[in-house]
Amino acid sequence: MAKAQKVEKPPKHLYDGAEWSFEKLDRVYDAIEEIANTELGLNVYPNQIEVITSEQMLDAYSGIGMPLMYNHWSFGKSFVQDEFYYRKGMRGLAYEIVINSSPCISYIMEENTMTMQALVVAHAAFGHNHFFKNNHLFQQWTDAEAILDYMHFAREYISKCEERHGVEAVEELLDAAHALRENAVDHYSRPVPMSREMAQQRIADREEHKRSDYRDIWRTLPHKESDVEDEEVKSKRQEANMAKFGLPEANLLYFFEKHSPILEEWQREILRIVRNIAQYFYPQKQTKVMNEGCACFCHYYIMNRLFDKGLITEGAMLEFIDYHSRVVAQPDFDDQRWNGINPYALGFAMMQDIYRICHEPTDEDRQWFPDIAGSKKGIEVLKDAWANYRDESFILQFLSPKLIRDFRLFQIHDNSSLPHLKVDAIHDSRGYKKIRSALAKSYTVSAMTLDIQVADVEFEGDRAITLRHMVHDDVPIDGKEAEQVMRRIAQLWGYDVSLYCEDALSGKVLATYDVTAT
């Protein structure tokens, strides 16, 4: 009698249906972790996954995504606005928020379906997590081990300042600090690691130094023999100021923290807190395309592998494809949803394209990318890019002619002095390079942040401060907004403020603004 052949049963699905549970989350997490480790070789921080409500997600929005944040009226305003649009159905919520910390905290909403929870775990807990831990900018500029501890210190310190000096005084100072938050980053030197203990010790040392060696450089004003300063004397004074105070200084909050003649010690510490938090988010502004592209590639790869292994159903896979397609969609220029190039769309497309070039290159790919075309090392090339590039250099290195055609990109020379627009580059060998360079340039730090510096200070005169705005690509500054920010600067400095807008190429002064301190 012949033996009956043993029929292998298909593997049991990790979950069925839309409802999620913590048991299902555990099973899905383990399956995702195995693929992330064995197939993608991801290197991540320990994960902490928090299930929160939609209201808690809105609260996280308002606190710039941090689990511990000091109080300020602007956060409450953001919460009310986001809640209004969400309740009216005019705006959805993010599927997740992930914190660059160790452990890496991922917030997922309890309203999500089980498939969405699986997507979020793959996207945030492994994709973003790997990028945070391995990208060189995050390694140099952030300290994932200390950020939560420092945020706890910041919240406690500002709360104590409110009790001691009044809520109104603290909020006015934070208003001024927040107005300069975009110009509170040190672009060149690596910041000192943050920790609660270091911050508290620094405050204690500062108080001790103040008691033991008090020297008020602003106590007296020197007498001037003439009200009119000689140009040669003025030039020498400016050179002396530049040498002594490191002018020009682009980190405005740092300058006011160190040199303001009117701020008390607690106010200087709050400025330091605001700029430390701004510094912490500095790498994220430079890696938006890469970070989201990495996370999208990881969740797409992992979810497809779960389906290939028979661990999720066809219904779950169709649901995932629907979510994924909406995230990486690129609206057309005449679409109501148009808001520039979607970083999810460009990032994911570039990651997929690099993988394709490595495994299935065309003759065009071999010409443009001879080092990686046909190498069969798609994952290794991607991981190397995730670790060693930022958006600007990544686009300049890896944006292919195929993607330029797929996104229908071309370059326009927009000169306000000319009556017509001019198309500078189209889809040809010469045009591809120009389009790639122009797109990469739009992701530089100078293109995203106004170049404003402290140019000079009358330390020995009326103590007026002069700022210089370097205008790039003929993009002017908004006059009303500039004057509002200058009033905040006058609040921190205590004396008159002047702003000169100069063309970055010619040095020509385009506009000037003056605010008198009250």
Side-chain angles (χ1 to χ4, degrees), residues 4-49 51 95-96 98 104 106 108-110 112-131 133-134 292-328 344 347-360 375-383 385-386:
Q5 290 185 346
K6 184 177 179 181
V7 178
E8 293 186 3
K9 295 182 179 180
K12 184 180 179 181
H13 295 145
L14 295 172
Y15 63 89
D16 291 297
E19 296 297 323
W20 68 270
S21 66
F22 288 104
E23 292 77 16
K24 293 178 182 178
L25 274 177
D26 282 338
R27 292 198 297 269
V28 167
Y29 181 90
D30 291 340
I32 290 174
E33 184 178 39
E34 182 181 355
I35 296 172
N37 290 339
T38 59
E39 299 186 28
L40 291 176
L42 301 185
N43 176 26
V44 299
Y45 293 120
N47 273 306
Q48 178 179 328
I49 299 175
V51 181
Y95 298 137
E96 45 75 29
V98 58
C104 182
S106 300
I108 60 178
M109 287 202 299
E110 66 179 14
N112 290 345
T113 65
M114 188 58 228
T115 297
M116 175 56 70
Q117 306 293 39
L119 184 159
V120 166
V121 169
H123 180 94
F126 289 92
H128 281 310
N129 192 343
H130 174 88
F131 194 87
K133 186 175 182 181
N134 295 276
E292 297 300 349
C294 168
C296 288
F297 179 88
C298 289
H299 82 229
Y300 187 81
Y301 183 97
I302 290 171
M303 293 298 290
N304 274 278
R305 291 295 295 132
L306 290 177
F307 179 72
D308 293 341
K309 292 183 173 183
L311 298 178
I312 58 176
T313 65
E314 291 183 353
M317 192 61 187
L318 288 173
E319 182 184 357
F320 157 71
I321 291 172
D322 177 54
Y323 289 136
H324 171 79
S325 299
R326 281 188 275 171
V327 168
V328 302
Y344 293 83
F348 176 70
M350 289 189 68
M351 303 308 168
Q352 289 285 89
D353 197 50
I354 291 171
Y355 190 86
R356 176 195 62 80
I357 291 170
C358 291
H359 294 272
E360 298 176 359
S375 66
K376 305 298 182 182
K377 297 180 179 180
I379 300 299
E380 289 81 356
V381 172
L382 285 172
K383 287 165 64 178
W386 296 340

Which heavy atom of [X] sits nearest to which heavy atom of [Y], and what is that distance?
X: Cys296; Y: Val328; value: SG-CG1, 4.2 Å
X: Ile32; Y: Ala118; value: CD1-O, 3.5 Å
X: Tyr355; Y: Ile379; value: CE1-CD1, 3.9 Å
X: Cys358; Y: Val381; value: SG-CG2, 3.8 Å
X: Gln117; Y: Met109; value: NE2-O, 3.0 Å
X: Leu42; Y: Asn37; value: O-OD1, 3.8 Å

Is it true that the side chains of Ser21 and Tyr15 contain a donor and an acceptor less than 3.5 Å apart?
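Their side chains do not contain a donor-acceptor pair, so the 3.5 Å distance test is not met.
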| field | Side-chain H-bond candidate by donor/acceptor type, Thr113 with Glu319, under 3.5 Å | value | yes
Exercise. Taking atom CD of Glu360 as the centre, report whether more than 12 heavy atoms of other residues, nucleotides or ligands fall under 6.0 Å from it.
Key: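 Open: at most 12 neighbouring heavy atoms sit under 6.0 Å from CD of Glu360.
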Would you say the side-chain atoms of Asn129 pair up with the backbone N or O of Tyr45, donor to acceptor, closer than 3.5 Å? yes
Ignoring hydrogens and angles, tell me if any N or O in the side chain of Asn47 forms a donor-acceptor pair with the backbone of Ser106 under 3.5 Å. no
### Task
Name the orientation class of the two ring planes belonging to His128 and His123 (parallel below 30°, tilted from 30 to 60°, perpendicular beyond 60°).
perpendicular
Would the Phe348 and His324 ring centres measure less than 6.0 Å apart? yes
Margin query: Please report whether the ring centroid of Tyr29 lies less than 6.0 Å from that of Phe126.
Written below: yes
Report yes if some heavy atom in the side chain of [X] is under 4.5 Å from a heavy atom in the side chain of [Y]; otherwise report no.
X: Val51; Y: Trp20; result: yes
X: Tyr301; Y: Leu40; result: yes
X: Asn112; Y: Leu119; result: no
X: Phe320; Y: His299; result: yes
X: Lys24; Y: Leu14; result: no
X: Met114; Y: Val28; result: yes

Let me confirm one number: the [atom1]-[atom2] distance from [X] to [Y], rounded to the nearest 0.5 Å.
X: Met116; Y: Asp322; atom1: CE; atom2: CG; answer: 8.5 Å
X: Phe22; Y: Ile49; atom1: CZ; atom2: CD1; answer: 10.5 Å
X: Cys298; Y: Leu382; atom1: SG; atom2: CG; answer: 8.5 Å
X: Met351; Y: Cys294; atom1: CE; atom2: SG; answer: 6.5 Å
X: Asp30; Y: Arg27; atom1: CG; atom2: CZ; answer: 10.0 Å
X: Leu306; Y: His13; atom1: CG; atom2: NE2; answer: 11.0 Å

*Any ion pair linking Arg356 and Asp353 (charged N to carboxylate O, less than 4.0 Å)?*
yes
Electrostatic pair Lys309-Glu39, nearest N-O below 4.0 angstrom | yes
Test side-chain contact (heavy atoms from CB on, under 4.5 Å), reference Phe307, set Ile312, Thr313, Ile302, output is Ile312
